[in-house]
Amino acid sequence: MAQPPGLPEQMISASADAFFGYFLDVWTQNPQAIPAGLRAEYLKASREAVPSIVADYRASAGIDLEHDQADRAAGNRLAMPVTVVQQDWGAALGFDAAALWRTWAADLEHHTTSAGHFMAEESPDEIIKVLRSLLAR
């Protein structure tokens, strides 16, 4: 998706429901967490947001990275409390979110969840607890 404007938007829009439906299927540990009505709303919202979704990925590979590198070079850090919720597969892939975010945030809480990508839908009580803890800090 981080290609020049045009092609990714056209390709995804041509079969948006199949594209986004695939992720709803494979990124969810518990498919019942996204029932048919909610799934239809996700697909509708995603279809309508293809240009924005692709632009976000494009920015992540470009200007966002440049801004992050400039902030890191300047020694900038986040002053507010930060909470990171990481899926447990991240650690299995060698991705240490806590170590990455610790360089940016002095006040960091890190949590690992067994929920899939759609954490709030699959594990709402866990995510509410984490959010309340963040808001209390």
Side-chain angles (χ1 to χ4, degrees):
M1 286 195 271
Q3 302 298 313
L7 183 61
E9 292 87 344
Q10 184 179 1
M11 290 174 64
I12 294 167
S13 294
S15 58
D17 285 358
F19 182 81
F20 293 111
Y22 172 82
F23 298 110
L24 287 170
D25 294 338
V26 300
W27 286 357
T28 305
Q29 299 293 329
N30 174 11
Q32 285 72 38
I34 304 179
L38 182 57
R39 181 185 180 91
E41 289 300 319
Y42 264 105
L43 293 175
K44 177 181 180 286
S46 297
R47 254 191 327 272
E48 293 172 355
V50 169
S52 299
I53 293 168
V54 174
D56 181 51
Y57 274 86
R58 191 174 290 122
S60 295
I63 192 67
D64 289 352
L65 183 57
E66 292 172 27
H67 288 166
D68 286 351
Q69 290 168 338
D71 276 341
R72 187 172 303 279
N76 294 335
R77 297 190 76 198
L78 299 171
M80 76 290 259
V82 174
T83 296
V84 173
V85 182
Q86 176 183 358
Q87 297 160 293
D88 57 4
W89 61 261
L93 294 175
F95 181 73
D96 186 348
L100 175 70
W101 281 99
R102 204 170 287 114
T103 65
W104 288 101
D107 183 0
L108 175 73
E109 283 190 11
H110 177 262
H111 301 273
T112 302
T113 181
S114 61
H117 182 75
F118 303 96
M119 298 173 193
E121 291 81 357
E122 291 187 66
S123 199
D125 293 338
E126 175 186 10
I127 300 306
I128 288 169
K129 182 179 174 182
V130 169
L131 288 172
R132 285 186 174 147
S133 173
L134 171 63
L135 294 172
R137 296 186 2 243

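From a predicted model like this one, the values you see are computed outputs, not experimental measurements.
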Seminar exercise, completed: Closest heavy-atom pair, Ser13 versus Val50, reported as atoms and distance to 0.1 Å, is OG-CG1, 3.5 Å
Seminar exercise, completed: Sorted by chain and number, sequence neighbours left out, side-chain contact (heavy atoms from CB on, under 4.5 Å) with Ala16 holds for Phe20, Arg47
Problem set entry | Test item: Gln87 side-chain N/O and Gly116 main-chain N/O as donor-acceptor pair under 3.5 Å | yes
Exercise. Roughly how far apart are Met80 CE and Arg137 CZ, rounded to 0.5 Å?
Worked result: 11.0 Å
Problem set entry | Exam field: side chain Glu122 to backbone Met119, donor-acceptor pair closer than 3.5 Å | no
For this session: Look at the side-chain heavy atoms of Ile, Leu, Val, Met, Phe, Trp and Tyr, link any pair under 4.5 Å apart, and say whether Trp27 and Val85 land in one connected group.
Result: no
Sequence neighbours left out, cut at 3.5 Å: what donor-acceptor pairs do the side chains of residues 128-136 make with other protein atoms?
residue : atom : partner : partner atom : Å
Ser133  : OG   : Glu109  : OE1          : 3.2

Problem set entry | Test side-chain contact (heavy atoms from CB on, under 4.5 Å) applied to Ala106 - qualifying residues, sequence neighbours left out | Arg77
Problem set entry | Set of residues satisfying side-chain contact (heavy atoms from CB on, under 4.5 Å) with respect to Met1, sequence neighbours excluded | Ile12, Phe19, Ile53, Val54, Tyr57
Exercise. Just wondering, are more than 12 heavy atoms of other shown residues or ligands nearer than 6.0 Å to CH2 in Trp101?
Worked result: no
Problem set entry | Minimum heavy-atom distance between Pro51 and Glu9, given as atom pair plus value | CA-CG, 4.2 Å
Would you mind writing out the side-chain donor-acceptor pairs for residues 28-35 within the sub-3.5 Å range, not counting sequence neighbours?
residue : atom : partner : partner atom : Å
Thr28   : OG1  : Leu24   : O            : 2.6
Asn30   : OD1  : Gln32   : N            : 3.1

Problem set entry | Donor-acceptor under 3.5 Å (Thr103 side chain, Leu100 main chain) | yes
Exercise. Does a salt bridge link Asp25 with Arg39, judged by any charged N lying under 4.0 Å from a carboxylate O?
Worked result: yes
Exercise. Honestly curious: do Tyr22 and Phe118 fall in one hydrophobic cluster under the side-chain, below-4.5 Å linking rule?
Worked result: yes
Seminar exercise, completed: Here the gap from Asp68 atom CG to Asp64 atom CG, rounded to the nearest 0.5 Å, amounts to 6.5 Å
Exercise. Nearest heavy-atom pair of Val82 and Ala105: which atoms, and what distance?
Worked result: CG2-CB, 3.6 Å
Problem set entry | Point-to-point distance, once rounded to the nearest 0.5 Å, from OG of Ser52 to CZ of Arg58 | 11.0 Å
For this session: State which residues pass side-chain contact (heavy atoms from CB on, under 4.5 Å) with Ala40; sequence neighbours excluded, sorted by chain then number.
Result: none
Seminar exercise, completed: When rounded to the nearest 0.5 Å, the distance separating OG1 of Thr113 from CD1 of Ile127 is 5.5 Å
